[in-house]
Amino acid sequence: MNSEETVDVVLIGGGIMSATLGSLISRLQPDWSIRLYERLGRVAQESSNPWNNAGTGHAALCELNYMPEAADGSVSAAKAVSINEQFQVSRQYWAHLVESGALPEPNSFINSTPHMTFVRGKSNIEYLKKRVDALAGEPLFAGMEYSDDLDTIAEWAPLLAKKRNPKAKIAATRIESGTDVDYGALTLQMLRDIESRGAEIRTDHQVTWLKRQKDGTWKLRIRNLVGNTPETVRARFVFVGAGGGALSLLQHSGIPEIRGYGGFPISGQFLRTTNPKVVAQHQAKVYGKAAVGAPPMSVPHLDTRVVDGETSLLFGPYAGFTPKFLKSSTWFDLPFSIRPHNLIPMLQVGLRNFDLVRYLVSELLASRDKKMKALREFMPTAKSEDWELITAGQRVQVMKKDPEKGGVLQFGTEVISGADGSIAGLLGASPGASTAVPIMLEVMQKCFPERMADWEPKIREMIPSYGTTLSDDPDAAAASLARTAAALQISA
C-alpha cells in the first residue's frame, strides 16, 4: 500500500456513530472515498453491542431522568421532547434506508416494545402525575396511559404485579409505540451497505497517532494487529467515533478544542434471563427512578430484549467503576487521560460529586442477594436461579471546564470539532445511539457548512422533518410517526 495514500474520510471506530456518518456521507457525497478503522476483529463490539446497552431506543417515553423534578416541585417536558425529536430524526432515516433497500427486514434490528414507567410510594406517584400532566398534549407522546390500579398494571406487565402487596402504593405509565433496538445489528447492516457503495472497512487496525499536516490533511499511523505491521494514511477529514477511546485520540490530535475535557468511566452489569416461562410474561421496557446520587445511566429498568431473533429479559444496570475507557482496553486509560489542562476540572468534579462516589462504592460492594432484592422491587416473583449476571459496556461521562464551578460532570453526548472542520469526535454516553442521526448531522453542519445547502434537498428526501420541529405541528408529527411505523413494521 502507498504509505502516503490519501482518502477523503477516515472513520475511527466501528460503532453506530461511524456507521451513521459513513452512511450519510456515502449518500450525500458518493464520490468521496471512505475508510473505517476498527481495532477489534469485528465491528459493533463495544457500546453498540446489544448486550452492552439497553437498546431502549431512547425517545424519553419512559426515562424519568429526562424530566427531573425541580426544587420548586415543577416538572418540565422540554428535555424529554427534545430527545424524542432527535429519535424521530433517526427513525426517519432508518425508515428511508429500509424503503430504499439499504437495510434488510426491519425486525432484524427494531421491534415494537411498549415503554413504561413504574414508581412506588406517595411522593413518586405525585411526581409521575406531574410528568403525565406536563406531557399531555405533546404530539410525540400521544397515547400515553397512566394508572395506579394494580389490576390494570397487571394487564400491562404481569411480572410487576404478580404477588405484589395489593395495598402497595404504585403507579405506572405505558405508551405502546416504544421500541427495542439492536444497535449491533443496525451497525453491521449499515456498514455492509456503505461497503457495497465503495467504503473500506478494516478491522484489526488500530489508529495509534494522528497529526494535522501543513496542507490541511491529517496523517494517521495505523497498526495492523494481524501481523503487527505499521501503516500510514492521509485523510482530508477524520471522525473519531471510538467511544471511550475518543478522548485519548482527540488529545493526541492536539486540537485546542479538546483542552479542559476529561472522562469519568462508569461500568455496569445486568441480570439476564432466557427462561421462556419468565420471558413470556413480560413485553415492555419498564423504567423506574434512579437512586439518590446515581448517574442517569443507572436508572433501574426491566427490559424485553430481542437479539438475533431471540427474546430475553434484562434488568439493571448495576453501576460499577474501573479506570478502563473501553470494555476491551487497559486499566491505564483514566490516569493516562489526565493532562494539566483538565486536572482542575476533574478535581472539581470529584469534590462536587460525593453522592456519585458513595453510590458507586455501594454498588461495587453489593452482593448478588442485594442485586436480586433490587430486581424484586420490580418483579416480586424473581428467582435467583433464573437470572445470570452479565457485564455491560463502559460509559465515559464528560468532565469539562465550567466558568463558575471550575469543572462539571456532564451527562449526554458532546461533539468536539476542530476550528477548520477537518476533524471531529464524539464524547459522552446516553442517549447516544438513539440520537446518532441528528448528532452526525450536527457533525456535518460543523465540519462542512459550505456544503449543507447543496446537501439539504437530499437530506430532506431522507429525513422529511429536517429543519423543522415535529412537536410544533401535531399533524406533521402524526404523519411522521405513522409513516415510519409502517416502514419499520412497528406500532404507530
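Given the structure is predicted, the values throughout are model-derived calculations rather than measurements. Values below: every heavy atom of this structure, side chains too, minus hydrogens, waters and symmetry copies.
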Original post:
With side chains defined as the heavy atoms from C-beta onward, is the minimum distance between D180 and D303 less than 4.5 Å?
Top reply: no
**OP:** Taking only Lys NZ, Arg NE, NH1 and NH2, and the carboxylate oxygens of Asp or Glu, determine whether E195 and R192 approach each other closer than 4.0 Å.
**Re:** no
Original post:
What class does the angle between the rings of H205 and Y37 fall in, given that below 30° is parallel, 30 to 60° is tilted and above 60° is perpendicular?
Top reply: tilted
Subject >> K324/D333 ion pair, N-O < 4.0 Å >> reply: no
Subject >> Contacts of R272 that satisfy salt bridge (charged side-chain N to carboxylate O under 4.0 Å, His left out) - sequence neighbours left out >> reply: E388
Original post:
Do we see a donor-acceptor contact under 3.5 Å between the side chains of E257 and S417?
Top reply: no
Original post:
Do we see a donor-acceptor contact under 3.5 Å between the side chains of Q92 and Q88?
Top reply: no
Return a table of donor-acceptor pairs under 3.5 angstrom between the side chains of residues 8-25 and protein atoms on other chains or two or more places apart.
residue, atom, partner, partner atom, Å
D8, OD1, R236, NH1, 2.8
D8, OD2, S33, N, 2.8
D8, OD2, S33, OG, 3.2
S18, OG, G13, O, 2.7
T20, OG1, I16, O, 2.7
S23, OG, R27, NH1, 3.3
S23, OG, Y93, OH, 2.6

**OP:** Would you please name every residue forming a salt bridge (charged side-chain N to carboxylate O under 4.0 Å, His left out) with D472, sequence neighbours left out?
**Re:** none
**OP:** With rounding to the nearest 0.5 Å, note down the distance linking OH in Y261 to CG in L250.
**Re:** 10.5 Å
**OP:** Before accepting this row, confirm whether a basic side-chain N of the pair R483/E99 lies closer than 4.0 Å to the acidic partner's carboxylate O.
**Re:** yes
**OP:** Flag the pair L140 / F87 as yes when at least one side-chain heavy-atom distance between them is below 4.5 Å, and no otherwise.
**Re:** no
Original post:
How long is the span from the OH atom in Y66 to the CG atom in N84, to the nearest 0.5 Å?
Top reply: 11.0 Å
**OP:** Mind checking the NE2-OG spacing from H115 to S177? Nearest 0.5 Å is all I need.
**Re:** 8.0 Å
Original post:
Between the side chains of S434 and Y183, is a donor N or O closer than 3.5 angstrom to an acceptor N or O?
Top reply: yes
**OP:** Please name all residues satisfying side chain to side chain donor-acceptor pair (under 3.5 Å) with T274, sequence neighbours left out, ordered by chain then number.
**Re:** none
Original post:
Is the shortest heavy-atom distance from the side chain of W94 to the side chain of I110 under 4.5 Å?
Top reply: yes
**OP:** Quick one: list whatever passes side chain to side chain contact (heavy atoms under 4.5 Å, CB included) with L375, sequence neighbours left out.
**Re:** L271, L302, F315, Y318, M372, M379, A382, W387
Subject >> Beyond-backbone contact of Q189 with F109, side-chain heavy atoms, under 4.5 angstrom >> reply: yes
Subject >> Residues forming a side chain to side chain contact (heavy atoms under 4.5 Å, CB included) with D402, sequence neighbours excluded >> reply: E404, K405, V408
**OP:** Salt-bridge test for R39 and D204: reply yes if a basic N is under 4.0 Å from a carboxylate O, no otherwise.
**Re:** no
Subject >> Close side-chain approach of L313 to R305, heavy-atom, < 4.5 Å >> reply: no
